[in-house]
Every structure is written in structure tokens, then in C-alpha cells.
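Accompanying notes for the structure given below.
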Amino acid sequence: MADKIRWDAEKKSFLWRLLNYQYEVKYLKTVPAKAFSPAPKVQSAIFSLVEKKEKPSFSYTEMIWVLDQISKYKRKTLGKCRKMATPELAKKYPLPEDLSGKRLEEIGLEEMGRILVETGL
């Protein structure tokens, strides 16, 4: 799970966006299973969360609302997600053309900001 939330994760999850909006997430190290008693069947990880001094320019609550609308279609492209989600989403947040072919897991906070900020919000 630590690999999924660190800043440079290849595929961005819902949790990745929630944490990386407000914190700088850094993977520190892996803790082997034998360090615990009883030993689990998975390895553990230690990571740090340092609060960002400068937050993104878009609203956290708006980001959550948009993610709620399209996260259930995470394997679809954003263009298809917008058509499948509520009509309110397409009306309120016009999608930039260059992002319509990308999947939700491929876009970072900058692209999310383009969706939310460039529409005048």
C-alpha cells in the first residue's frame, strides 16, 4: 500500500490524491515480516507525511466530489467517464481535450487542477 500512496506512484489511487493534496508522502523503508510477532504474511513499510506549506490552488471538497463521480470508472478514459457519470459533472467541469484520452489513475494533481481550476472555479 505504501507504494500506492507515495508521490511518484505510477498509478494514482483515490487515497493517493487524498494524501498528496495536503502532504508530501515519502517512502522511508520496508519492514520485514519477521520484525513482528507473530509474523504477518506481508511486508510492512514506513513512510512519512509532512504537511505541505503550499497547497494546490483547487478546492479539496470539489476534488472529492469529482473523484466520487468518476472513480467507479477508473479503467475507462476520462472522456468516457464524463459521459457515464452524472450530467452535472459534464456541465460543471468541462474536460480539457488533451485529458479526455487518459485514465483517472494516470492523472496527477496538476491535471486534476486543470480540470477544476481552468473551468473558472
Side-chain angles (χ1 to χ4, degrees):
M1 186 184 108
D3 287 335
K4 291 182 178 183
I5 61 173
R6 53 194 251 196
W7 175 254
D8 59 347
E10 189 173 312
K11 292 183 178 181
K12 281 87 172 153
S13 65
F14 196 99
L15 181 60
W16 181 92
R17 286 180 185 79
L18 296 180
L19 289 175
N20 283 284
Y21 178 87
Q22 186 152 351
Y23 300 101
E24 290 188 31
V25 180
K26 293 190 177 155
Y27 176 83
L28 300 177
K29 71 178 194 173
T30 301
V31 179
K34 65 182 178 180
F36 299 95
S37 179
K41 294 182 181 180
V42 296
Q43 293 183 338
S44 299
I46 298 174
F47 57 95
S48 71
L49 299 174
V50 178
E51 192 166 354
K52 290 181 179 179
K53 293 179 181 165
E54 199 171 308
K55 310 262 186 317
S57 60
F58 54 90
S59 165
Y60 184 76
T61 54
E62 291 292 319
M63 178 185 73
I64 297 296
W65 186 83
V66 169
L67 289 173
D68 280 341
Q69 299 299 309
I70 61 176
S71 63
K72 55 189 158 206
Y73 310 112
K74 68 180 183 178
R75 295 297 305 150
K76 304 281 185 198
T77 61
L78 292 177
K80 288 184 182 180
C81 289
R82 192 176 65 153
K83 291 176 185 173
M84 297 169 77
T86 62
E88 183 184 356
L89 178 71
K91 183 191 272 187
K92 196 171 182 181
Y93 302 103
L95 187 64
E97 278 297 315
D98 61 322
L99 295 180
S100 65
K102 289 190 172 189
R103 290 184 167 87
L104 180 60
E105 65 188 15
E106 297 172 338
I107 66 168
L109 289 177
E110 292 94 27
E111 290 93 352
M112 182 61 69
R114 287 184 50 214
I115 294 169
L116 297 172
V117 175
E118 288 183 6
T119 59
L121 298 172

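Just so it is clear, the structure is predicted and the values come from calculations on it, not from any experiment.
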Side-chain contact test, heavy atoms from C-beta onward, threshold under 4.5 Å: evaluate it for Leu18 versus Ile64 and give yes or no. yes

Got a list of side-chain donor-acceptor pairs under 3.5 Å for residues 33-43, not counting sequence neighbours?
none

Minimum heavy-atom distance Ile70-Ala85, with the two atoms named: CG2-CB, 4.5 Å

How about Tyr60 and Arg17: do any of their side-chain heavy atoms sit closer than 4.5 Å? no

Hey, does Lys26 have a side-chain heavy atom less than 4.5 Å from the side chain of Phe47? no

Indicate the atoms forming the closest heavy-atom contact of Ala45 with Tyr27, along with that distance. CB-CE1, 3.7 Å

Enter the distance from Leu116:CG to Lys92:NZ here, rounded to the nearest 0.5 Å. 9.5 Å

Determine whether more than 12 heavy atoms belonging to other residues, nucleotides or ligands lie under 6.0 Å from atom NZ of Lys83. no

NZ-OH distance between Lys55 and Tyr23, expressed to the nearest 0.5 angstrom: 8.0 Å

With the 4.5 Å side-chain cut-off for hydrophobic clustering, are Tyr73 and Leu78 part of the same group? no

Taking the side chain from Arg103 and the backbone from Thr77, do they hold a donor-acceptor pair closer than 3.5 Å? no

Flag side-chain contact, heavy atom, 4.5 Å: Leu28 against Ser48: yes

Sidechain-backbone polar pair: Gln22 side chain, Leu19 backbone, donor-acceptor under 3.5 Å: no

Side-chain contact, heavy-atom cut-off 4.5 Å: Leu104 with Phe14? no

Decide yes or no for Leu109 and Phe58: does some side-chain heavy atom of the first lie under 4.5 Å from some side-chain heavy atom of the second? yes

Check: Gln69/Thr86 side-chain N/O donor and acceptor closer than 3.5 Å: yes

Which heavy atom of Leu89 sits nearest to which heavy atom of Arg82, and what is that distance? CD2-CA, 4.4 Å

Please report the C-alpha distance between Leu95 and Ser100 in whole Å, then the side-chain angles of each, then the deciding distance to 0.1 Å, and finally whether the side chain to side chain contact (heavy atoms under 4.5 Å, CB included) criterion is met. CA-CA 7 Å; Leu95 187 64; Ser100 65; 3.8 Å; yes

So do Lys102 and Glu111 actually touch side chain to side chain, heavy atoms under 4.5 Å? yes

Hydrophobic cluster membership, Tyr21 vs Ile115, 4.5 Å side-chain cutoff: yes

